[in-house]
Every structure is written in structure tokens, then in C-alpha cells.
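A short write-up of the structure that comes next.
Chain identifiers are assigned alphabetically (A, B, ...) following the order of the sequence lines, protein sequences preceding nucleic acid strands; residue numbering begins at 1 within each chain.
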Amino acid sequence: MVITPALEKLPRSFYERDATTVAKDLLGRYLLHITGGIARIGKIVEVEAYLGQQDLAAHASKGLTSRTAVLFGPPGHAYVYRIYGLHWCMNVVSGPVGKGGSVLLRAIQPVQNVLGPTRGPGLLCRALEIDKRLNGHDLLSDDFFLAAAFEPEAFTITNRPRIGVNYAGAWSHQLLRFYIEDNSFISRR
DNA sequence: TCATTGATGGTCT
DNA sequence: GACCATCAATGAG
């Protein structure tokens, strides 16, 4: 029996801040995806910030294309794409509008109705049934959104370089990966 | 425990 | 045609 914490949907203003601020503030928040009457819920424990067009590690560095259009759209929407031909990854578009900033969700801690492992961006999406259909989806909707617990918990945030972006030169060294210290659900490495 | 590699497809050049 | 914001299975040590 899982006891679901009381949750409050995050407002648009939450996402209108810069990617680094949103990334750190997303730790400890809850991701909910409701499909077929089943609510799948995970607590976010690891994220990476992608700063926008000038960030060579970010998809937005390609500029505005059909693929990256969502990144340059309004904050508070989901950017979902396929990577390495077989995995889905999910970002949260952050502000300010037009900058192309976003936050990659890398790992969650299972809370309710989660399918399989969640320590990694591809696994996370599989576990919450997130795929291309949710690209561009508004995160203030009622079936796919982020929420805060009414009673937040205390934790320490650790900074590390982002993973898998060695091609990005100096940008690959920036400490833009954040996770909850000592949480056992972060991706290994 | 660590390093290597195969699977697999959309996007960009 | 090359390149990936990955994961799981494999084999060496």
C-alpha cells in the first residue's frame, strides 16, 4: 500500500525562471502521468540544466528547427525526443521565452504505479510511459504535470558535470547536473 | 567491477 | 551518411 503525498501542481511562473534555477528547484518535486485512469508518479532526484542556444551541449544550439521548436516555445511544456534510436528522453522547457533553455529529467524515485527501473533518462521515460506523443505537451494539463509536496523535505544538492556531452568542449565541464545527495535512485557513474 | 559493444531511428549536414 | 543528453549484455581481470 503506497501512501500518495498531497500534491500541488506547479504554476507557469515556476518554469519561467532560467534553466539552472528551475533544475535545482525541480529536485524533490513529483512527476505525474495519468494514462487510462492510472496515475504513475515519481519523485525527481536527478536533473541536468541546458542553458539554451549558446550552450553547445544543448539541442537548442542547433537553432530553431522543426525538432527544437518546442524548446523555443513557452516554458512549462515537455520536450520529448528519441536518442540512440531506442530511448526517449524528456526535458522541461524553462524561461525566458525564446532562449531555448530546458531541464533534462535524469532519474526519479518511484512513488506509485511506476514500471521497472528509473535510474536514467531513458528508463525514466519507459517507467512513466512517456514517448513522442507527449512532445510539446503542456505541463499545466491534468494528465501530465509536475507537482510539489505540501510538506517539502530537506536534502542536500550535489553539482556534477553533465553526462554524455563530451563533444561540447568547455560546456561539458560546467557543473549543470544536480542530484539529491545520498539518494539511491540517481543514475550511476 | 570495469570496459566494450550492439541495438536502432530521427535529425542535421 | 554521421551523429547522438542510452541501456543491457557480454567478457576480461
Side-chain angles (χ1 to χ4, degrees), chain A residues 15 17-27 29 31 33 40 42-73 75-95 98-110 114-137 139 144 146 157-180 183-189:
Chain A
Y15 306 102
R17 300 169 296 165
D18 68 88
T20 304
T21 303
V22 173
K24 286 188 279 195
D25 207 0
L26 276 175
L27 294 174
R29 309 298 188 179
L31 176 62
H33 185 203
R40 305 193 189 282
K43 185 175 77 173
I44 298 170
V45 298
E46 181 179 356
V47 299
E48 285 179 3
Y50 287 84
L51 305 189
Q53 191 151 10
Q54 84 281 12
D55 180 352
L56 295 181
H59 288 183
S61 67
K62 301 285 186 185
L64 180 59
T65 67
S66 57
R67 182 197 197 191
T68 61
V70 173
L71 288 172
F72 291 97
H77 288 244
Y79 170 55
V80 182
Y81 59 94
R82 197 191 272 282
I83 189 64
Y84 298 118
L86 61 160
H87 298 291
W88 297 104
C89 289
M90 172 189 171
N91 285 34
V92 175
V93 179
S94 67
K99 190 179 176 189
S102 66
V103 178
L104 169 67
L105 306 184
R106 285 196 59 86
I108 60 172
Q109 178 175 333
V114 171
L115 309 165
T118 59
R119 52 180 72 209
L123 293 174
L124 176 162
C125 287
R126 184 203 297 176
L128 289 189
E129 295 190 313
I130 296 167
D131 60 30
K132 185 83 174 177
R133 292 170 301 177
L134 293 173
N135 188 33
H137 200 92
L139 294 173
F144 187 43
L146 289 143
I157 296 176
T158 299
N159 311 268
R160 287 289 182 275
R162 292 174 292 186
I163 289 177
V165 295
N166 294 333
Y167 60 88
W171 284 96
S172 66
H173 307 307
Q174 298 254 353
L175 302 181
L176 293 175
R177 172 184 174 223
F178 308 100
Y179 58 85
I180 295 178
N183 187 284
S184 58
F185 290 92
I186 63 168
S187 59
R188 58 169 91 237
R189 244 185 237 217

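Considering only side-chain N and O atoms, A:H59 lies under 4.0 angstrom from the phosphate OP1 or OP2 of C:dA5. Between A:R106 and the phosphate of C:dT6, there is a side-chain N or O to OP1/OP2 separation shorter than 4.0 Å. For A:K132, a side-chain nitrogen or oxygen approaches OP1 or OP2 of B:dT11 to under 4.0 Å.
Look at CG on A:L86: it is 16 Å from C1' on B:dT11, rounded to the nearest Å. The CH2 atom of A:W88 sits 8 Å away from the P atom of B:dG10 (whole-angstrom rounding). For the pair A:D131 CG and C:dT6 P, the computed distance is 19 Å after rounding to whole Å. We find that OH of A:Y167 is positioned 4 Å from P of C:dA5, with the value rounded to whole Å. For the pair A:F178 CZ and C:dA5 P, the interatomic distance rounds to 19 Å; values are reported in whole Å. One can place CD1 of A:I130 at 19 Å from P of C:dA5, the figure rounded to the nearest angstrom. Atom CG in A:L124 sits roughly 9 Å away from atom P in C:dC7 (whole-Å rounding). Here C:dC4 presents its P atom at 12 Å from CG of A:L56, a figure rounded to the nearest Å.
Counting non-hydrogen atoms under 4.0 angstrom, A:R67 reaches the backbone sugars and phosphates but no base.
Distance from the side chain of A:R82 is smallest for B:dG9 among the nucleotides B:dG9, C:dA5, C:dC7. Closest to the side chain of A:P117, out of C:dA5, B:dT13, C:dA8, is C:dA8. Checking C:dA8, B:dC12, C:dA5 against every side-chain atom of A:S66, the shortest atom distance belongs to B:dC12. Taking every side-chain heavy atom of A:K62 into account, B:dC12 is the closest of B:dC12, C:dC7, C:dA5.
Nucleotides B:dG10 and C:dA8 are separated by 22 Å at their C1' atoms, to the nearest Å.
Both geometric conditions, a ring-centre gap below 5.5 Å and a plane tilt below 30°, are not fulfilled together for A:Y84 over the base of B:dA7.
Under the Watson-Crick or G-U wobble criterion, with both distances below 3.5 Å, C:dA5 is left unpaired in every strand shown.
Checked options A:L124, A:L123, A:I163, A:V47; the residue passing with A:R106 is A:I163 (criterion: side-chain contact (heavy atoms from CB on, under 4.5 Å)).
Using a 4.5 Å heavy-atom cutoff, the side chains of A:E129 and A:H33 are in contact.
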